[in-house]
Amino acid sequence: MTGSPSSTYAGKLVLFHGPGKALECRSAQWKAPQGAEILVKITHTAICRSDLHTHCGHRSVPTPTVLGHEIMGRVVAFGPSASRMDLRGEPLEPGDRITWSIYAHCGDCFHCHSGWPQKCTDLFKYGHEPVSSDGSDSSGGMASYIQLRPGTSVLKLDPKIPDHHAVTLNCAMATAEAVVRRAALSKEPAPLVVVMGGGYAGLSTAAMCKAQGARAVMVVETQTALHSRCLDFGADAVFQPEEDALKTWVMNQSAGRGADHVMEMAGSSAAAELGLELLATGGGLMLAGTVFPSPSIPVDPERMVRGCQTIAGMHNYAPQDLLAATRFLEEEGRNLPWDALHGGTMCLDQSQEAFDEAQRSPGKRWILTP
Ligand SMILES: [Zn+2]
Ligand SMILES: [Zn+2]
């Protein structure tokens with residue numbers, strides 16, 4: 001179905017006016033999709049840790065804006081020149097249940113051609129862009145509808161994946177997949193991996209590393225209340241960062257060599273610094289959790305040189321990582337206890353309450369439905 005140019009779609013959206021200001025839920029209307037746009041009815045939006053950082057002022061965004069970028073929904077209508085093919089090459093039709101990349105990219109700039117579409121010079125990021133005061137150009141997940149732009153990678157979802165599992169695919173899980181892809185775990189000898197942080201992205205990373213043949217995975221998590229779920233997601237051990245037993249475990253697991261990979265998913269400079277200490281010869285520290293201003297850490301260049309070690313960063317992901325994350329959720333990861341990470345589900349007009357609950361329950365995803 002192509003939306004009639006005169007069609008309008010009525011719904012609601014939630015405007016964020018800045019830290020400390022009340023979220024404003026208001027009526028809004030969406031036009032039929034133009035050009036290569038696809039109009040989607042949002043069914044679920046999860047409150048990601050980045051949304052919480054923005055909401056409480058740890059990182060600044062232009063306002064007003066409509067937050068929410070872990071989104072899923074159903075296709076309503078296609079613009080006349082919109083692609084009707086998903087990332088797998090399967091046909092897309094109205095009513096299809098989909099996820100999509102957190103951003104739209106041009107596909108033709110230096111960064112797009114260099115394998116970094118998430119750094120496209122013409123990047124448009126859902127849930128991060130300023131909107132007009134009435135929200136009519138809304139592009140965030142805390143809304144009834146969203147207009148997908150050309151250059152957005154769309155993926156049809158297997159009906160067997162429950163909504164509250166699938167909704168995190170296009171941020172937390174795809175980012176975890178990007179981190180694991182860039183780390184390029186060797187098959188033989190199988191590596192020892194340390195994951196910093198037992199949040200959604202950290203647990204996804206740990207589970208993906210196990211699925212890709214890591215010999216052992218340790219998770220470092222500051223909150224002991226979250227330790228048992230780290231084991232449930234495949235970790236072989238979990239420690240608080242200050243425990244001496246942590247280093248002993250790494251050395252015992254590696255004949256004294258250290259960790260082959262450390263993946264920092266918690267957004268903690270202290271965790272990154274600890275990760276550097278744990279690295280084996282040839283080991284790599286991947287930084288992915290820090291998406292807000294954070295303290296610098298000391299790096300010993302001689303140790304890095306003599307140890308042939310690397311430090312790399314990974315922000316967001318490429319479309320192939322969204323596809324890989326979705327396959328993981330359909331296959332190896334389908335029986336993991338994702339339900340334990342779900343805080344609860346609320347309506348858009350309860351957004352303020354949902355943000356408050358999410359702040360109070362770290363490690364849980366709260367979900368909004370229109
Ligand atoms: Zn996110
Ligand atoms: Zn580009």
Side-chain angles (χ1 to χ4, degrees), residues 14 16 36 42 44-56 58-61 65-73 83 99-129 139-143 146 148-153 164-179 197-205 263-267 287-292 313-322 325-326 329 338 341-343 351 354-355 358-359 361-368:
V14 177
F16 171 66
I42 293 172
H44 300 79
T45 294
I47 301 173
C48 172
R49 195 166 53 103
S50 308
D51 293 315
L52 293 175
H53 286 306
T54 304
H55 185 250
C56 69
H58 286 168
R59 67 176 198 172
S60 61
V61 296
T65 188
V66 176
L67 295 174
H69 53 271
E70 280 189 349
I71 327 171
M72 59 181 289
S83 168
T99 182
W100 56 90
S101 53
I102 192 176
Y103 56 84
H105 65 295
C106 78
D108 202 30
C109 70
F110 180 86
H111 294 307
C112 283
H113 282 302
S114 306
W116 299 105
Q118 67 268 52
K119 296 293 151 188
C120 174
T121 52
D122 195 25
L123 192 76
F124 182 90
K125 221 167 154 186
Y126 298 106
H128 291 74
E129 307 287 342
S139 56
M142 293 173 64
I146 190 166
L148 300 189
R149 298 192 162 207
T152 304
S153 302
H164 61 292
H165 301 181
V167 69
T168 62
L169 275 169
N170 74 342
C171 181
M173 291 194 68
T175 301
E177 196 67 62
V179 166
Y200 216 111
L203 293 178
S204 301
T205 303
M263 301 174 184
E264 204 298 300
M265 309 301 288
L287 302 173
T290 309
V291 286
F292 44 86
M314 178 55 85
H315 186 215
N316 299 145
Y317 56 87
Q320 72 203 74
D321 302 309
L322 177 60
T326 305
L329 201 49
W338 301 105
L341 312 186
H342 180 210
S351 295
F355 267 81
Q359 292 283 15
S361 49
K364 298 266 190 186
R365 275 295 195 276
W366 285 78
I367 295 174
L368 293 166

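Position 1 is the first residue of the sequence, and the numbers go up from there. Indexing begins at 1, ligand by ligand and atom by atom, following the structure's order. Hydrogens, waters and symmetry mates are skipped; everything else that's a heavy atom, side chains included, is used. It should be emphasised that the depicted structure is a prediction, and the values quoted were computed from it without experimental measurement.
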Query raised in the report: So do Leu368 and Ser351 actually touch side chain to side chain, heavy atoms under 4.5 Å?
Result: yes

Query raised in the report: CG/Leu322 to OG1/Thr99 distance, rounded to the nearest 0.5 angstrom?
Result: 5.0 Å

Query raised in the report: Closer than 2.8 Å to the Zn ion (ligand 2), do we get an N, O or S atom from Cys120, backbone or side chain?
Result: yes

**Report entry** Side chain Gln118, main chain Tyr103, donor-acceptor under 3.5 Å
**Finding:** no

Requested in this report: May I ask you to decide if Ala266's main-chain N or O and Arg49's side chain share a donor-acceptor pair within less than 3.5 Å?
Outcome: yes

**Report entry** Where the Zn ion (ligand 1) is the vertex, angle from Cys48 SG to His69 NE2 to 10°
**Finding:** 110°

Requested in this report: Kindly report the SG-the Zn ion (ligand 2)-SG angle for Cys106 and Cys109 respectively, rounded to 10°.
Outcome: 110°

